[in-house]
Amino acid sequence: MNMRSPTVQDSDLSARTRIREAALNLFGTEGFAVSVRAIADAAGCSPGLVIHHFGNKDGLREAVDQSVMETLLRRFGAIQSELPADELARTMGDAFSEVIGASPVLRQYIRRSLLEATPASQTIFDELLALVNASLGQLQRAGGLRESSDPQWRPYQLLFVLLGTLLLEPAVQSHFDKSLYGADLRRERTAANYDLLSHGMFRPSADSTP
């Protein structure tokens, strides 16, 4: 393939990896109905080798999903939990933005996965939700969450912010001259998201309960 995704490590260049990365690309661009033969052709191997490594196409997709989540978990796992609350929140936002922003292939795959409404897409959403919940737990222990914020909705609200640009990227991109995931706009958007989550957008009315 012309572009290596961030799910590939320098030491991870086996035939199994080539197949998995070909699937990541084709599942994202053509959908999950793409044939095993097409994936094998893109990986430069035989369909039999795909089956040998993954059993079937469902097994291959599961391996792709696992690789995507491991990439995020590896990046978040490198964050120092003892950071001050504000720095921890910024670092978490940067980590998500860096992983997702680094690869159009990865974004396309996650976007298609989340929008197709299947058990597989539910699984990847649930894993993202678990990652967000774990991150919020770290922030809470660091004293970085308002006690008055709704604990039920916090993880979903954070996911809405984190995934909104990814899901709407094709439509939103037409309003910007620069790439939404280029360094400049990514930095601006991450800072704006942090400001929104930290301070809110609406001014409370005079009679509202603090």
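Starting from 1, each residue takes its place in the sequence as its number.
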Report all side-chain donor-acceptor pairs from residues 28-53 shorter than 3.5 Å, counting only partners two or more places apart or in another chain.
unit_1, atom_1, unit_2, atom_2, d
Thr29, OG1, Asn25, O, 3.0
Ser35, OG, Ala38, N, 3.0
Ser46, OG, Leu49, N, 3.2

Could you check if a side-chain atom of Phe96 sits within less than 4.5 angstrom of a side-chain atom of Leu163, using non-hydrogen atoms only?
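Yes, their side chains come closer than 4.5 Å.
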Less than 4.5 Å apart, side chain to side chain, heavy atoms only: is that true for Ile110 and Leu166?
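A side-chain contact under 4.5 Å exists here.
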Would you please name every residue forming a salt bridge (Lys or Arg N to Asp or Glu O under 4.0 Å) with [X], sequence neighbours left out?
X      : result
Glu116 : Arg61
Arg16  : none
Arg75  : Glu98

Listed once per pair and sorted, the salt bridge (Lys or Arg N to Asp or Glu O under 4.0 Å) pairs that draw on [range], sequence neighbours left out:
range            : value
residues 172-186 : Lys178-Asp184, Asp184-Arg187
residues 80-91   : none
residues 99-113  : Arg107-Glu169, Arg111-Glu169

Who are the side chain to side chain donor-acceptor pair (under 3.5 Å) partners of [X], not counting sequence neighbours?
X      : answer
Glu70  : Gln66
His175 : none
Asn133 : none

Got a donor-acceptor contact below 3.5 angstrom from the Tyr109 side chain to the Ala23 backbone?
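Not confirmed, Tyr109 side chain does not pair with Ala23 backbone.
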Around atom CD of Glu62, are there more than 12 heavy atoms from other residues, nucleotides or ligands closer than 6.0 Å?
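For Glu62, atom CD is not crowded (no more than 12 foreign heavy atoms under 6.0 Å).
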Going by ring pair (Phe, Tyr, Trp, His ring centres under 6.0 Å), name the residues that satisfy it together with Phe76, two or more places apart in sequence or in a different chain.
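So Phe76 forms no ring pair (Phe, Tyr, Trp, His ring centres under 6.0 Å) with any residue.
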Which side-chain N or O atoms in residues 151-162 pair as donor and acceptor under 3.5 Å with protein atoms at least two apart or in another chain?
unit_1, atom_1, unit_2, atom_2, d
Arg154, NH1, Ser149, O, 3.4
Arg154, NH1, Ser149, OG, 2.7

